[in-house]
Amino acid sequence: MQRTRIDVLLSEQSVGQTVVVKGWVKSFRNNQFISINDGSCFDNIQAVLNRENYDIDFLKTITPGTALKVVGTIVASQGSGQAIEIDVTEIEIYGTANAETYPLQPKKHSKEFLREIAHLRFRTNTFGAVFRIRHAVSFAIHSFFNDRKFYYLHTPIITASDAEGAGEMFRVSTLDLAQPPKTESGDIDFKADFFERETHLTVSGQLEAELGALALGQVYTFGPTFRAENSNTSRHLAEFWMVEPEVAFADLHDNMDLAEAMLKHIISYVLEHCQRDLQFLNDEQIKEESQKPKNQRSELSLIERLQSCIADDFVRISYTEAIEILKNSKPNKKKKFNYIIEEWGADLQSEHERYLVEKHFKKPVILFDYPKDIKAFYMKVNEDNKTVRAMDILFPGIGEIIGGSQREENLDVLLARMEEMDVPAEELYWYLDIRKYGSCPHSGYGLGFERMVQFVTGMGNIRDVIPFPRTPGNAAF
RNA sequence: GCCUCAGUAGCUCAGCUGGUUAGAGCGGCGGACUGUUAAUCCGUAGGUCGUAGGUUCGAGCCCUACCUGAGGCGCCA
């Protein structure tokens with residue numbers, strides 16, 4: 001007999017039907033009630049057995065974590081916690097979980113502890129919900145771009161270019177670390193390496209995505225990205241997933257429109273398809289915050305925050321306007337900021353971004369037209385020759401979730417910028433060729449996938465929204 | 001990389017200004033009960049108080065170094 005998934009069983013509620021359910025024991029009460037979860041949904045099914053029919057030593061092997069099969073009839077539940085339950089006729093145990101050593105107890109565990117047992121944390125309510133939602137976010141991204149006729153482009157993970165300027169890179173090499181081959185001048189001889197040149201893990205697929213966009217029209221990448229920065233924060237990973245759409249003939253405003261529509265699509269999709277999981281995370285966070293003093297609690301619950309994000313247009317203001325707001329803000333005047341905003345040109349710190357999003361506007365903010373000196377070489381220079389067509393989308397609690405720009409399509413201007421910023425033009429000849437032959441205005445952005453999942457699930461630490469986080473000093477599992 | 005805080009039983013934590021046998025809840029184990037909802041009740045075991053030094057008659061508590069974790073900052077997505 002085919003097994004029935006618990007999500008199907010709970011939604012169909014076919015009383016009288018005989019079913020086979022396979023899953024893991026959440027709890028076993030009274031030697032009679034087994035709560036079983038199979039990962040198909042948040043909720044468990046309660047299997048009820050007649051303890052008279054079983055040996056006590058057999059019943060003792062049914063402990064939290066045990067994998068088993070039950071066969072039985074769906075009946076209306078006599079208890080109040082659930083509508084239906086299974087009247088068990090047969091149990092088969094696949095794998096026991098020794099209660100003396102199994103670390104997951106039916107009690108609250110800290111996220112830090114669960115991070116140390118990341119191989120088991122999927123089995124908890126919280127992480128089950130988080131990883132079902134992570135899947136939904138991923139699926140929503142693909143459906144959004146597919147519906148708009150974007151092509152999913154797989155850009156390389158191993159890259160030879162060291163010129164992307166997006167941070168420290170991880171080296172890829174098959175050379176003997178202890179005794180690498182040397183050139184006559186004593187340098188490491190990468191000609192002897194696997195790719196016959198120096199290679200690293202990618203820090204961005206953008207440059208390659210641009211190549212695709214200028215032929216396929218509109219493309220997006222969605223893949224792993226690696227940064228060897230020594231970043232120790234709740235929103236940085238050394239290995240993370242990034243979504244990078246790139247659109248030909250799009251200017252910065254088209255780019256902002258696309259990004260805002262995408263973010264709203266993802267949020268709507270999750271609100272519609274992950275109700276039960278979201279409700280659980282929502283309630284957990286209310287419970288957690290009830291321990292805190294009132295002024296530290298969030299004004300809106302998780303679900304309210306998500307709903308408010310899709311209800312209104314995001315605020316769009318230029319960097320120059322943002323500086324004016326910040327200059328005149330209370331924390332700036334009272335010198336509460338660690339970095340006081342004094343003049344145009346200052347790079348915004350996360351405290352400033354948070355002020356704009358969380359205090360001043362209380363909704364997502366898109367900042368655009370940044371000073372060129374604080375932005376990357378490939379961003380299009382405005383007519384004022386002071387700013388570039390860059391945009392960052394700032395989200396409450398997360399900060400920068402998207403960074404993007406219209407790209408510089410003019411070859412001479414781009415070359416001048418690369419010269420200014422010490423980006424070696426020879427290495428990027430292929431990137432420049434795009435400006436030489438059939439260049440056109442184009443734009444794109446990068447979305448930090450885990451930051452999006454963080455926002456949607458309300459998880460405070462990015463390490464809790466990726467199955468096996470890689471951070472400085474940590475690559476377990 | 002910098003700053004701050006923390007590390008006590010398997011987990012979550014208490015342990016007053018340094019004072020004698022280091023506590024609780026949950027979990028484990030043994031038993032009772034039986035339509036339970038992280039079941040309940042009774043009993044019981046479990047700790048080189050992160051590691052290494054030091055101060056002191058005496059250190060879980062004070063000092064130094066290191067390790068680990070968390071929060072904040074920087075780098076960014």
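Chain letters run A, B, ... following the sequence lines, proteins first, then strands; residues in each count from 1. All values derive from a computational prediction rather than experimental measurement.
Scanning atom types as modelled, one donor and one acceptor separated by under 3.5 angstrom connect the side chain of A:His236 and the base of B:C76. No donor-acceptor contact under 3.5 Å links the side chain of A:Glu112 to the base of B:G69. For A:Ser231 and B:C76, a side-chain-to-base donor-acceptor distance below 3.5 Å is absent, hydrogens and geometry of angles not being considered. For A:Glu85 against B:G35, a side-chain N or O and a base N or O form a donor-acceptor pair under 3.5 Å. Judged by distance alone, with hydrogens and angles left aside, A:Asn30 brings no side-chain donor or acceptor close enough to the base of B:U36 to form a pair under 3.5 Å. The base of B:A77 is paired with the side chain of A:Arg227 by a donor and an acceptor separated by under 3.5 Å. Taking 3.5 Å as the limit, the base of B:G10 and the side chain of A:Gln105 contain a donor-acceptor pair of atoms between them. Between the side chain of A:Gln32 and the base of B:U37, no donor-acceptor pair under 3.5 Å is found.
For B:A70, the OP1/OP2 oxygens have a side-chain nitrogen or oxygen of A:Arg463 closer than 4.0 Å. Proximity of A:Asn232 to the phosphate of B:G71: no side-chain N or O atom is located under 4.0 Å from OP1 or OP2. Here A:Ser234 reaches the OP1 or OP2 of B:G72: one of its side-chain N or O atoms lies under 4.0 Å away. The phosphate of B:A39 has OP1 or OP2 within less than 4.0 Å of a side-chain N or O from A:Arg29. For the OP1/OP2 pair of B:A70 and a distance below 4.0 Å, the side-chain nitrogens and oxygens of A:Arg115 include at least one atom meeting the criterion. Listed pair A:Ser350 / B:G74 meets the phosphate criterion, a side-chain N or O lying under 4.0 Å from OP1 or OP2. Between A:Lys26 and B:A39 there is no side-chain N or O to OP1 or OP2 distance below 4.0 Å. The side chain of A:Ser27 contributes an N or O atom lying less than 4.0 Å from OP1 or OP2 of B:A39.
A:Leu447 comes within contact range of no nucleotide atom at all, as no heavy-atom separation falls under 4.0 Å. At a threshold of 4.0 angstrom between heavy atoms, the contacts of A:Ser110 are confined to the sugar-phosphate backbone, with no base atom among them. Across all strands shown, A:Thr233 has heavy atoms under 4.0 Å from base atoms, whether or not it also approaches the sugar-phosphate. Among the protein residues, A:Glu100 comes within range of the sugar-phosphate backbone only, with heavy atoms under 4.0 Å from sugar or phosphate atoms but none that close to a base. Here A:Gly446 lies in heavy-atom contact (under 4.0 Å) with sugar-phosphate atoms only. Within the 4.0 angstrom heavy-atom criterion, base atoms lie near A:Gln82. Using a 4.0 Å heavy-atom criterion, one finds that A:Ile398 contacts no nucleic acid atom at all. Residue contacts for A:Lys111: at a heavy-atom cut-off of 4.0 Å it reaches no nucleic acid atom on any strand shown. Contacts of A:Gln349 with the nucleic acid, taken as non-hydrogen atoms under 4.0 Å apart, involve only primed sugar atoms and P, OP1 or OP2.
Closest non-hydrogen pair, A:Lys363 versus A:Val315, comes out as CD-CG2, 3.5 Å.
In summary, A:Arg115 and A:Asp464 engage in a salt bridge, as defined by a charged side-chain N under 4.0 Å from a carboxylate O. With respect to A:Lys26 and A:Asp38, no salt bridge is recorded, no charged nitrogen being found less than 4.0 Å from a carboxylate O. A salt bridge does not link A:Glu351 to A:Arg354: none of the charged nitrogens lies less than 4.0 Å from a carboxylate oxygen.
In this structure, CZ of A:Phe337 is placed 17 Å from C1' of B:G74, rounded to the nearest angstrom. Between A:Arg451 atom CZ and B:C75 atom P there is a gap of 12 Å when expressed in whole angstrom units. For the pair A:Ile117 CD1 and B:U12 C1', the computed distance is 14 Å after rounding to whole Å. For the pair A:Glu351 CD and B:C3 C1', the interatomic distance rounds to 14 Å; values are reported in whole Å. Between the CD atom of A:Glu353 and the C1' atom of B:G74 there is a distance of 12 Å, given to the nearest Å. Atom CG of A:Asp347 is separated from atom C1' of B:C73 by 14 Å (rounded to the nearest Å). A straight line from CD1 of A:Ile393 to P of B:A77 spans 13 Å, rounded to a whole angstrom. The CG atom of A:Asn474 sits 16 Å away from the P atom of B:C67 (whole-angstrom rounding).
B:U64 and B:C57: their C1' atoms are spaced 23 Å apart (whole Å). Of the C1' atoms belonging to B:A6 and B:G74, the separation is 23 Å, rounded to the nearest Å. With C1' as the reference atom, B:C49 and B:G60 are 5 Å apart, rounded to whole Å. Here, B:G27 and B:G47 have their C1' atoms 16 Å apart, quoted to the whole Å. Rounded to whole Å, the P atom of B:C26 lies 33 Å from the corresponding atom of B:G18. Rounded to whole Å, the separation between the C1' atoms of B:A14 and B:G25 comes to 11 Å. Taking the P atoms as reference points, B:G23 lies 33 Å from B:A65, given to the whole Å.
If you check B:U44 for Watson-Crick or wobble pairing at under 3.5 angstrom, you find it paired to B:G28. Here B:A22 sits opposite no nucleotide as a Watson-Crick or G-U wobble pair (both hydrogen-bonding atom distances under 3.5 Å). The base-pairing partner of B:U34, taking Watson-Crick or G-U wobble contacts with both distances under 3.5 Å, does not exist among the strands shown. Pairing partner, B:C2: B:G72, with both Watson-Crick or wobble hydrogen-bond distances short of 3.5 Å.
Geometrically, A:Lys330 does not engage A:Phe337 in a cation-pi contact, judged by NZ or CZ lying under 6.0 Å from the ring centre and within 45° of the ring axis.
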If you look only at distance, which donor and acceptor atoms sit under 3.5 Å apart when one is on a side chain in residues 470-477 of chain A and the other is two or more places apart or in another chain?
from	atom 1	to	atom 2	distance (Å)
A:Arg470	NH1	A:Phe468	O	3.4
A:Arg470	NH1	A:Ala476	O	3.0
A:Arg470	NH2	A:Phe477	O	2.9
A:Asn474	OD1	A:Ala476	N	3.3

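Aromatic pair A:His142/A:Phe144: centroids not less than 6.0 angstrom apart.
Relative to the side chain of A:Asn461, the nucleotides B:C75, B:C11, B:G71 differ in distance, and B:G71 lies closest.
By the criterion of a centre-to-centre distance under 5.5 Å and near-parallel planes under 30°, the ring of A:Phe240 forms a stack with the base of B:A77.
Both A:Pro64 and A:Gly79 lie near RNA chain B, and the one whose nearest nucleotide falls closer to the 5' end is A:Pro64.
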- Please assess A:Glu116 against A:Lys111 for the test salt bridge (Lys or Arg N to Asp or Glu O under 4.0 Å), listing each intermediate value before the final yes or no. CA-CA 9 Å; A:Glu116 289 168 15; A:Lys111 306 249 174 30; over 6 Å; no

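Of the candidates A:Asp7, A:Asp277, A:Asp43, A:Asp277 is the only one forming a salt bridge (Lys or Arg N to Asp or Glu O under 4.0 Å) with A:Arg132.
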